[in-house]
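As structure tokens, the structure follows; a few thoughts come after it.
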Amino acid sequence: MAAYILRRLLIAIPTILLIVVLSFLIITAAPGGPFDGQEGGDIDPEILANLRAAYNLDKPITTQLFLYMKGLVTGDLGPSFIFRGRSVSEIIARGFPVSAQLGLSAIGVGLIFGMLLGVYAAMRKNTAADYAVMSLSMTGIAVPTFVTAPFLALVFGLYLKLLPIAGWGDGALRNMILPVVALALPKIGILARITRGAMLEVSRANHIRTARSKGLPESIVITRHTLRAALIPIVSYLGPAIAGVMTGSVIIEQIFGLPGIGRSFVEGALNRDYPVVMGITILYATMIIVLNLITDLVYRLLDPRIKDN
Amino acid sequence: MGVLDCSNLNVRFKTEQGDLHVVRDFSLNLEKGECVGVVGESGSGKSQTFMAMLGLLTDNGQATGSVKLDGQEILNAPRALLNQVRGNRIGMIFQDPMSSLTPFLKVGEQMCEGLVHHQGLSTAQARARALETLELVRIPDAKRRFNQYPHELSGGMKQRVMIAQALMCKPAVLVADEPTTALDVTVQAQILEILEGLKSHTDTAIVMITHDLGVVAGICDRVLVMYAGRVVEEGPADNIFHHTHHPYTQGLLRSVPSFDLDPSQPLAAIPGQPPAPFALPSGCAFSPRCQYVSDACGQALPVLTQRGPQHRAACVREALS
């Protein structure tokens with residue numbers, strides 16, 4: 001087990017290196033640069049040359065890559081080109097906890113309600129209740145967050161005045177509710193559908209017939225014999241979904257005015273703030289790798305037949 | 001009156017092709033301690049008959065008739081009553097031991113849960129009973145097996161665990177649905193030996209659902225032969241084998257390979273296919289495949305008539321000559 005984890009982590013190193021090189025080449029190949037077209041018109045050519053020299057942008061791309069990698073090894077993600085005086089590490093340290101807290105809460109809410117609805121729909125298969133749950137979840141998936149989020153803010157913030165319209169408020173529960181609900185709605189829909197499908201799939205298995213033939217009540221047949229097998233596709237979905245949602249949602253952060261990392265990422269990309277984009281890409285890649293490893297470890301907990309390979 | 005009394009059981013499935021009537025007027029009175037074989041080809045309705053008795057039909061299935069366990073009606077009973085019967089009074093073994101155990105629960109956990117649920121035993125008491133039962137089905141090293149997962153066991157071992165699990169509550173009836181079909185021949189013999197031992201040492205009645213007449217010959221007191229959802233011949237095993245009255249039974253017996261047959265001759269087979277349940281021929285369902293077919297066969301459905309002591313057959317002919 002420990003050897004397996006170690007092996008997976010070692011394999012992750014070349015993967016991350018490859019991601020760093022590729023994304024560095026892609027972002028720097030994009031037309032334009034960090035100091036083009038700032039407010040106040042064009043910068044004086046001399047100042048621009050100094051700026052480019054200060055950030056090593058005048059050097060060949062291979063040298064830039066080498067210098068970036070050299071910093072990376074010591075844990076230095078470099079300075080932001082746009083927000084002068086702030087390092088990428090600081091930007092991530094400030095925004096990531098906000099995005100992570102929002103994202104994890106949304107996944108938690110999605111998991112609870114999605115699984116409950118999915119199990120309920122599976123138990124009422126092909127009845128009006130099942131169709132109602134499935135249509136609702138399809139709606140949850142289909143309506144984009146840039147529609148639901150302003151709608152929620154309008155109803156609960158502006159008209160009913162129950163919750164703040166926007167703002168982070170240092171992560172107070174009141175401020176969290178609307179963005180978390182907006183983020184969670186599509187997750188509830190997807191998880192309800194996955195859960196229903198997996199439950200129905202497993203309930204046709206021979207071992208479920210055996211469990212029923214033993215005279216176990218349906219509640220035990222479902223919780224002990226069905227749900228655990230049905231968790232496998234749910235876990236497969238959760239790994240990448242958690243990584244995605246923790247690294248921030250631009251739309252939600254923009255609409256609710258939250259200081260998350262998703263906005264920094266998009267602004268970084270638009271402004272050609274290479275180090276910011278690189279830093280967040282590396283964070284995202286690392287999380288995907290770690291979460292995939294955790295997913296595989298959870299598979300083994302769920303199904304003892306899965307072994308190292 | 002026997003321990004399980006089933007009369008006029010009919011099973012239908014609603015499908016897109018229309019209603020499938022897969023079991024027709026099935027009756028069986030099972031005595032304490034006896035072993036009855038239910039024989040027929042795939043699709044003859046033999047498994048669905050017993051699934052229906054226990055309320056284990058798929059959602060589109062519907063059963064009518066009467067099934068009494070110790071005088072109590074259990075057919076279409078509420079789930080709570082069925083749960084008291086299943087696993088507790090009637091144990092069931094299925095065809096495919098590889099997929100019939102829950103893969104992520106330890107052998108011991110799945111064996112004990114029924115007993116704990118039905119008889120309110122403590123975990124320790126259930127464990128003691130499980131170890132005892134594993135030894136009854138001749139599983140060596142029962143303590144180690146108890147803590148293993150199903151995938152760590154061979155097919156034969158899994159089927160023994162299935163049998164042991166079905167016996168945990170000391171049921172009055174054990175329904176074995178093709179218990180040896182998925183196993184290789186030497187393991188088949190071991191499983192049959194266990195069931196024979198069970199028959200002689202306990203008063204559990206056994207229903208052996210099979211298409212293998214060799215299995216029936218070894219263990220069953222009584223045999224019911226099913227064709228296209230109906231019982232076409234029933235009687236004591238000896239009579240069925242030596243004084244066969246239905247051409248279908250005769251065809252089945254002739255198609256059993258044996259060491260005495262001339263290996264240069266092809267094995268006898270019944271020509272044709274069993275009819276689809278939504279396209280039964282009129283009169284006797286077997287008539288299109290029957291070598292003795294006459295005009296009378298297509299006119300009316302032959303009913304079961306007495307052919308000897310406790311021996312009945314549904315054929316227009318008086319005897320096969």
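Naming: A, B, ... by sequence-line order, numbering from 1 per chain.
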Most chain A-contacting option - heavy-atom pairs closer than 4.5 Å, from [options]:
| options | value |
| --- | --- |
| B:Arg86, B:Met51, B:His118 | B:Arg86 |
| B:Gly114, B:Ser100, B:Ala166, B:Cys169 | B:Ser100 |
| B:Gln84, B:Gln110, B:Glu152, B:Gln165 | B:Gln165 |

Rounded distance (nearest 0.5 Å) linking atom CZ of B:Phe104 with atom CD1 of A:Ile306: 11.5 Å
Expected list for residues 217-225 of chain A: side-chain donor-acceptor pairs under 3.5 angstrom, two or more places apart:
unit_1: A:Glu218; atom_1: OE1; unit_2: A:Arg212; atom_2: NE; d: 3.1
unit_1: A:Glu218; atom_1: OE1; unit_2: B:Arg79; atom_2: NH1; d: 2.6
unit_1: A:Glu218; atom_1: OE1; unit_2: B:Arg79; atom_2: NH2; d: 2.9
unit_1: A:Glu218; atom_1: OE2; unit_2: A:Arg212; atom_2: NE; d: 3.4
unit_1: A:Glu218; atom_1: OE2; unit_2: A:Arg212; atom_2: NH2; d: 2.8
unit_1: A:Thr223; atom_1: OG1; unit_2: A:Ser219; atom_2: O; d: 2.8
unit_1: A:Arg224; atom_1: NE; unit_2: B:Glu113; atom_2: OE1; d: 2.6
unit_1: A:Arg224; atom_1: NH2; unit_2: B:Glu113; atom_2: OE1; d: 3.4
unit_1: A:His225; atom_1: ND1; unit_2: B:Thr102; atom_2: OG1; d: 2.7
unit_1: A:His225; atom_1: NE2; unit_2: B:Glu113; atom_2: OE1; d: 3.2
unit_1: A:His225; atom_1: NE2; unit_2: B:Glu113; atom_2: OE2; d: 2.6

If you check every heavy atom in residues 119-142 of chain A against those of chain B, which residues fall under 4.5 Å?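 Under the 4.5 Å heavy-atom cut-off, A:Lys125 qualify.
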So for atom CZ, which belongs to A:Phe113, do other residues, nucleotides or ligands contribute more than 12 heavy atoms lying within a distance under 6.0 Å?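 Open.
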Quick check: closest heavy atoms across A:Pro304 and B:Pro103, and the distance to 0.1 Å?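 Answer, listing the atom of A:Pro304 first, then B:Pro103: CG-O, 3.5 Å.
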Do B:Leu56 and A:Ser213 come close enough that some side-chain heavy atom pair is under 4.5 Å? yes
Tell me whether the NZ or CZ atom of A:Arg209 lies within the 45° cone about the ring axis of B:Phe94 and under 6.0 Å from its centre. yes
State whether the side chain of A:Lys214 and the backbone N or O of B:Met92 hold a donor-acceptor pair below 3.5 Å, judged by distance alone.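 Judged by distance alone, no pair lies under 3.5 Å.
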With a 4.5 angstrom heavy-atom cut-off, which part of B:Met162 approaches chain A: side chain, backbone, both or neither?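 It is the side chain, since no backbone atom gets that close.
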Proximity breakdown for A:Ala211 and chain B, heavy-atom pairs closer than 4.5 Å: neither
Please identify, among A:Leu302, A:Ile208, A:Leu216, the residue contributing the most non-hydrogen atom pairs under 4.5 Å to chain B.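 Max contact count across the listed options: A:Leu216.
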Output, in order, the C-alpha distance, side-chain angles, deciding distance and verdict of side chain to side chain contact (heavy atoms under 4.5 Å, CB included) for B:Thr58 and A:Arg204. CA-CA 9 Å; B:Thr58 50; A:Arg204 279 190 289 268; over 6 Å; no
